[in-house]
Engineer: 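Supplied in structure tokens, the structure appears directly below.
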Amino acid sequence: MSAPFATALRTDLCGALRATDVGRTVTLGGWVHRARDLGGIVFLDLRDREGILQVSFGPDWTSAEVIAAAAKVGVESVVLIEGTVVARPDEMKNRDLATGDVELRATRISVVGPASTPALPVARGRGEQLPAEELRLRHRHLDLRRPELQANLILRHRLLQVARRFLSDRGYLELETPILTKPTPEGARDYLVPSRVHPGEFYALPQSPQIYKQLFMMCGFDRYFQVARCFRDEDLRADRQPEFTQIDVEASFVDQEDIIAMAEGLVAALWAEAGVTVTIPFPRMTYAEAMERYGCDRPDLRYELTLRDLTDVMRPLEFGITQGAIAAGGRVRGLVVPGGAAWSRKQVDELEALAKGAGVGGLLRLKCAEGKLDGPLAKFLTADATTAIALADGDLLLAVAGAEHVTSPALDRVRQECARRLGLVDERAREFLWVLDFPMFERDPATGALAAVHHPFTAPNAADRAAYPDEPWRWRAVAYDVVLNGTELGGGSIRTSDPAVQSRMFELLGIGDAEEQERRFGFLLEGLRAGAPPHGGIALGFDRIAMLLSGAPSLRDVIAFPKTTAARSLFEGAPTPVNDADLRELHLRTDVARD
RNA sequence: GGGGGCGUAGCUCAGUUUGGUUAGAGCACUCGACUGUCACUCGAGAGGUCGCGGGUUCGAGCCCCGUCGCUCCCGCCA
């Protein structure tokens, strides 16, 4: 690192010293990572964000008082040390340390920040497990001292700088939007903030800056981006936090191709910063094709194992399950697993349990072993069907009968688990993909009501709207997701810029009343009526990208102060009860008994 | 909201299968020895609400019920 880290108190970062520094007299500040007291000579490993350096205190170059002080200092204490950088003899070099060719012969030490015994170790023994995550979060000030987490956050910083540079160089303006905003009835649950001056009224924290960024386009800023903090009050996962960061982008006078090209460049730049070359453009697939071949709108293309339609093959068979499903308007779909015939009954039952967990009644099996077909289906198969299915020796066919919204998720899970078992997943492979032509709406299976697949501001495909004016469930949206190895990195759409079309969309979503539209989305509609350019954009899930590029197993390892799965901060202790006076001032009362 | 896993010393873990004397180990910590270590080594010591509450039992870290916390998954996340 070439930045001038010299200050009034120190001359260098200890982790930056190399053989070229030999002979220099330096003053370093850092944390005592480990100590080795050999009696006459004392070694301290000094750590800062740049790395670790061995400091030696010996009678030939250090006074007795300084040696005694060094022998007494506790690990994780902050010290200032003055000394001379010396080369280590060959047999004393430490190849595991970037600074291992040199050491500091100390002449002075001052303990500027003595540390109490740490509640959990920062320096870990070889092979020793990390402390429980609960403790790591509770003592985050210590956990964040670990070089691994520091490396994650430093990479995160570099990725953010790359994104800013990339977008700024292309004319995107970094504009900020409110954190205290308006509750939205759509989508996820809002975090609400009570208003003190308006009794009974609330702000919401933004789920995304969606409408604001569209308004920037209507204002004529032309290109916008923001490193946007977003808030959603939903249950958590390893890859989901209640507050998270998006790289949020919007541009005017663009179509889908403009946004896709920009996003590919941005993704390539981010991956390049992490040392990975990414080939652009990315392959593309329609939503319909993804669902048909993979049962999933973000397929993992590192392996094939594609789904097949078996409806026509199965239709003539006198087999109750498939006949019933087909008669009810469903289909029979499945996948052929090479080598799956060798799996035990129990192993296939486990797959069936996965499928059932996704809502199907069961998993049909047909295996081909030693040239013979075996399974409940076998005796119903006609010669034509056998030919059509065309199982090779060792193959296992797994099939599901039913409606598409049932067979797809079930087969998706089965496919993923089969790939895992067969070792088909190449962990080093990177399969980027655009999924295009998402449906505009999905139906609530219970009520039949339409809901936006992406969001209500997405533009419907104009040709679909013209062809099926009264069948909006057939409309595709001008929306796109970018996917890597089965993980959604981000998504966006071209927006509706015609206020009449936007009104119609609200109407289809059950917000038919003009007054209600104005009340809830008036600020958007007003903007559209004031003259809106065609516009669209995308948002990338930045935490997830940082997680992938750092190799971290959890989002919590790329967020400095994350929440637990119960949405708590264990370190600072949030959320927390507040006193009655504060509540009264906000015109709030809780129904929770207090002790 | 539902299901699974985990919870024993400051930390990582054994002990729970089949209930039985005073609950162990490594690291860290304290004291001592040691002049080239780099997970220093060696000796000694201190350190326990077995997550919490209740129950069964002559006896519970271990069995039962409840509860809390962390975690993974489903629902949820436009």
Side-chain angles (χ1 to χ4, degrees), chain A residues 33-46 52-62 67 71-72 74-76 86 88-89 91-97 99-100 103 105 115-139 142-143 184-190 207-208 210-211 230-242 244 353-354 356-359 409 413 438 440-442 444 450-458 477 479 488 491 493 505-506 509-510 539 541 553-554 556 563-568 570:
Chain A
H33 189 67
R34 249 195 263 276
R36 292 176 293 282
D37 179 357
L38 273 60
I41 188 166
V42 174
F43 296 98
L44 297 183
D45 290 342
L46 192 64
I52 291 172
L53 173 75
Q54 171 165 283
V55 182
S56 60
F57 299 77
D60 295 346
W61 58 90
T62 317
I67 294 179
K72 248 177 38 196
V75 292
E76 293 311 316
V86 301
R88 298 206 210 178
E91 69 277 12
M92 291 181 198
K93 286 182 174 163
N94 185 338
R95 232 167 310 199
D96 298 331
L97 242 42
T99 60
E103 69 177 23
R105 295 206 158 171
S116 48
T117 302
L120 45 86
V122 175
R124 221 163 11 124
R126 210 175 286 143
E128 192 181 333
Q129 297 287 312
L130 278 176
E133 186 150 22
E134 180 177 357
L135 295 165
R136 291 177 44 206
L137 293 173
R138 200 175 296 286
H139 306 288
L142 294 171
D143 201 36
T184 51
E186 313 288 316
R189 208 173 286 119
D190 283 323
Q207 296 182 27
S208 87
Q210 181 61 35
I211 294 178
C230 305
F231 305 86
R232 295 180 189 173
D233 186 6
E234 297 292 345
D235 288 338
L236 308 187
R237 291 285 187 280
D239 61 354
R240 246 161 50 191
Q241 282 275 305
F244 59 97
L354 276 181
K356 282 182 171 168
R413 280 192 209 179
F438 277 78
M440 186 67 219
F441 300 105
E442 62 194 347
D444 186 308
L450 293 181
V453 167
H454 188 57
H455 57 55
F457 321 113
T458 298
E488 183 192 329
S493 64
M505 301 306 285
F506 287 142
L509 290 166
S554 158
R556 294 182 294 273
K563 306 284 189 285
T564 68
T565 49
R568 266 188 193 287
L570 296 181

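Note on naming: letters A, B, ... go to the chains in the order of the sequence lines (proteins, then strands), and numbering restarts at 1 for each one.
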Engineer: CD of A:Gln241 versus P of B:C76: gap in Å, rounded?
Structural biologist: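 Computing the A:Gln241:CD to B:C76:P distance gives 21 Å.
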Engineer: If you restrict it to nitrogen or oxygen atoms, what contacts under 3.5 Å exist between nucleotides 42-44 of chain B and the protein, and what is each distance?
Structural biologist:
none

Engineer: Just the rounded figure in Å: distance from C1' of B:C73 to CG of A:Leu354.
Structural biologist: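 In whole Å, B:C73 C1' lies 11 Å from A:Leu354 CG.
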Engineer: Which atom names give the shortest non-hydrogen contact between A:Val55 and A:Leu46, and what distance separates them?
Structural biologist: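 Looks like CG2-CB, 4.0 Å.
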Engineer: Starting from C1' on B:C77, measure out to CG on A:Leu236 and report it in whole angstrom.
Structural biologist: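 Taking CG of A:Leu236 and C1' of B:C77, I get 10 Å after rounding.
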Engineer: Which is more 5' along RNA chain B, the nucleotide nearest A:Pro456 or the one nearest A:Gln129? Just name the residue.
Structural biologist: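 Between the two, 5'-proximity favours A:Gln129.
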Engineer: Nearest 0.5 Å please: distance from the OG1 atom of A:Thr184 over to the CZ atom of A:Arg189.
Structural biologist: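 Spacing of OG1 (A:Thr184) from CZ (A:Arg189) equals 12.5 Å.
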Engineer: A:Ala188 has a side chain; which of B:C11, B:U35, B:C77 sits nearest to it?
Structural biologist: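 That would be B:C77.
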Engineer: Considering every strand shown, what is the Watson-Crick or G-U wobble mate of B:C6 when both distances are under 3.5 Å?
Structural biologist: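 B:G69 is the nucleotide pairing with B:C6.
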Engineer: Report yes if the side chains of A:Ser493 and A:His455 come closer than 4.5 Å at any heavy-atom pair, otherwise no.
Structural biologist: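 The answer is yes, as the side chains (C-beta and beyond) meet within the 4.5 Å cut-off.
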Engineer: So if I define the base as every atom that isn't primed, P, OP1 or OP2, how would nucleotides 67-72 of chain B read as a B/S/- string at a heavy-atom cutoff under 4.0 Å?
Structural biologist: --SSBS
Engineer: If you take atom types as modelled and just measure distance, does the side chain of A:Asp235 reach the base of B:C77 with a donor-acceptor pair under 3.5 Å?
Structural biologist: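 Under the 3.5 Å cut-off, the side chain and the base do not form any donor-acceptor pair.
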Engineer: Search all heavy atoms of A:Ala479 against all heavy atoms of A:Phe438 and return the closest pair with its distance.
Structural biologist: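 Shortest heavy-atom separation between A:Ala479 and A:Phe438 comes out as O-CD1, 3.8 Å.
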Engineer: Taking 4.0 angstrom as the limit, do A:Asp235 and A:Arg240 come out as a salt bridge?
Structural biologist: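 Looking at A:Arg240 together with A:Asp235, the answer is no, because their closest N to O distance does not fall below 4.0 Å.
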Engineer: Please give the nucleotide sitting opposite B:G26 as a Watson-Crick or G-U wobble pair, both distances under 3.5 Å, or none.
Structural biologist: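 B:C11 - that is the nucleotide pairing with B:G26, both distances being under 3.5 Å.
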Engineer: Write down the distance between NE2 (A:His33) and C1' (B:C40), rounded to a whole number of angstrom.
Structural biologist: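 Checked: the NE2 to C1' distance equals 15 Å.
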Engineer: Across the strands shown, which category fits A:Glu103 at heavy-atom distances under 4.0 angstrom: base, sugar-phosphate, nothing?
Structural biologist: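 Contact class for A:Glu103: base.
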Engineer: Base, sugar-phosphate or nothing for A:Leu135? Non-hydrogen atoms, less than 4.0 Å.
Structural biologist: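 The answer is sugar-phosphate, as A:Leu135 gets under 4.0 Å only of primed atoms, P, OP1 or OP2.
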Engineer: Give the minimum heavy-atom separation between A:Ala238 and A:Ser554, together with the two atoms involved.
Structural biologist: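 Scanning both residues completely, I find the closest heavy atoms to be O-OG, 4.0 Å.
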Engineer: Closest to the A:Leu120 side chain: B:C11, B:C38, B:G1?
Structural biologist: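 Out of B:C11, B:C38, B:G1, the nucleotide with an atom closest to A:Leu120's side chain is B:C11.
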Engineer: Categorize A:Thr458 for me: base, sugar-phosphate, or nothing, with a 4.0 angstrom heavy-atom threshold over every strand shown.
Structural biologist: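 The residue A:Thr458 makes no contact with any strand.
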Engineer: Listing time: all N or O pairs from protein to nucleotides 28-34 of chain B that are below 3.5 Å?
Structural biologist:
{"unit_1": "B:C34", "atom_1": "O2", "unit_2": "A:Leu38", "atom_2": "O", "d": "3.4"}
{"unit_1": "B:C34", "atom_1": "N3", "unit_2": "A:Asp37", "atom_2": "O", "d": "3.2"}
{"unit_1": "B:C34", "atom_1": "N3", "unit_2": "A:Gly39", "atom_2": "N", "d": "3.3"}

Engineer: How would you label the contact of A:Val453 with the nucleic acid (heavy atoms, under 4.0 Å): base, sugar-phosphate, or nothing?
Structural biologist: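 Here A:Val453 touches the backbone only, sparing every base.
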Engineer: Select from A:Pro131 and A:Pro89 the residue whose nearest nucleotide in RNA chain B is closer to the 5' end of that strand.
Structural biologist: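 Of the two residues, A:Pro131 wins.
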Engineer: Main chain of A:Lys563, side chain of A:Gln241: is a donor-acceptor contact present, judged purely on distance under 3.5 Å?
Structural biologist: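 Yes.
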Engineer: When rounded to the nearest Å, what value does the distance between C1' atoms of B:U18 and B:C62 take?
Structural biologist: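 The same atom, C1', in both gives a distance of 10 Å.
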Engineer: How many whole angstroms separate atom CZ of A:Arg124 from atom P of B:C13?
Structural biologist: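 To the nearest whole Å, that distance equals 11 Å.
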Engineer: Could you tell me which non-hydrogen atom of A:Glu76 sits nearest to which non-hydrogen atom of A:Val122, and how far apart they are?
Structural biologist: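 Shortest heavy-atom separation between A:Glu76 and A:Val122 comes out as OE2-CB, 3.2 Å.
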Engineer: Who does B:G61 pair with, Watson-Crick or G-U, both distances under 3.5 Å?
Structural biologist: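 Paired with no nucleotide.
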Engineer: To the nearest Å, give me how far apart CZ (A:Phe43) and P (B:G36) are.
Structural biologist: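 Value for this atom pair: 8 Å.
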Engineer: Please examine the side chains of A:Asn94 and A:Arg88, heavy atoms only from C-beta on, and report whether any two atoms are closer than 4.5 Å.
Structural biologist: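 In short, these two side chains touch, coming nearer than 4.5 Å.
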Engineer: Report yes if the side chains of A:Leu130 and A:Arg136 come closer than 4.5 Å at any heavy-atom pair, otherwise no.
Structural biologist: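 Yes, at least one pair of side-chain atoms sits under 4.5 Å.
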Engineer: Round to a whole Å and report the spacing from CG of A:Asn94 to C1' of B:A39.
Structural biologist: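 Distance, rounded to whole Å: 11 Å.
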Engineer: Should the side chain of A:Arg232 and the base of B:C77 be counted as holding a donor-acceptor pair, with the cut-off at 3.5 Å?
Structural biologist: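 Such a pair does not exist between side chain and base.
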Engineer: Can you see if the side chain of A:Arg36 gets near the phosphate of B:C40 - specifically, an N or O under 4.0 Å from OP1 or OP2?
Structural biologist: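 A:Arg36 to B:C40 OP1/OP2: side-chain N or O found under 4.0 Å.
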Engineer: Which whole-number value in Å describes the distance from A:Arg136 CZ to B:C11 C1'?
Structural biologist: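 Roughly 13 Å, once rounded to whole Å.
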Engineer: With heavy-atom distances below 4.5 Å as the criterion, would you say the side chains of A:Leu137 and A:Asp143 are in contact?
Structural biologist: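 No, too far: nothing below the 4.5 Å cut-off.
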Engineer: When we call it a touch if two heavy atoms are under 4.0 Å apart, what does A:Arg413 touch: a base, just sugar-phosphate, or nothing?
Structural biologist: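 Sugar-phosphate contact only.
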Engineer: With the side chain counted from C-beta on, respond yes when A:Arg36 and A:Gln54 share a heavy-atom pair under 4.5 Å apart, and no when they do not.
Structural biologist: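 A:Arg36 reaches A:Gln54 side chain to side chain.
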Engineer: Does A:Gln207 reach the main-chain N or O of A:Ala188 with its side chain, forming a donor-acceptor pair under 3.5 Å?
Structural biologist: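 Checking the backbone N and O of A:Ala188 against the side chain of A:Gln207, a donor-acceptor pair under 3.5 Å is found.
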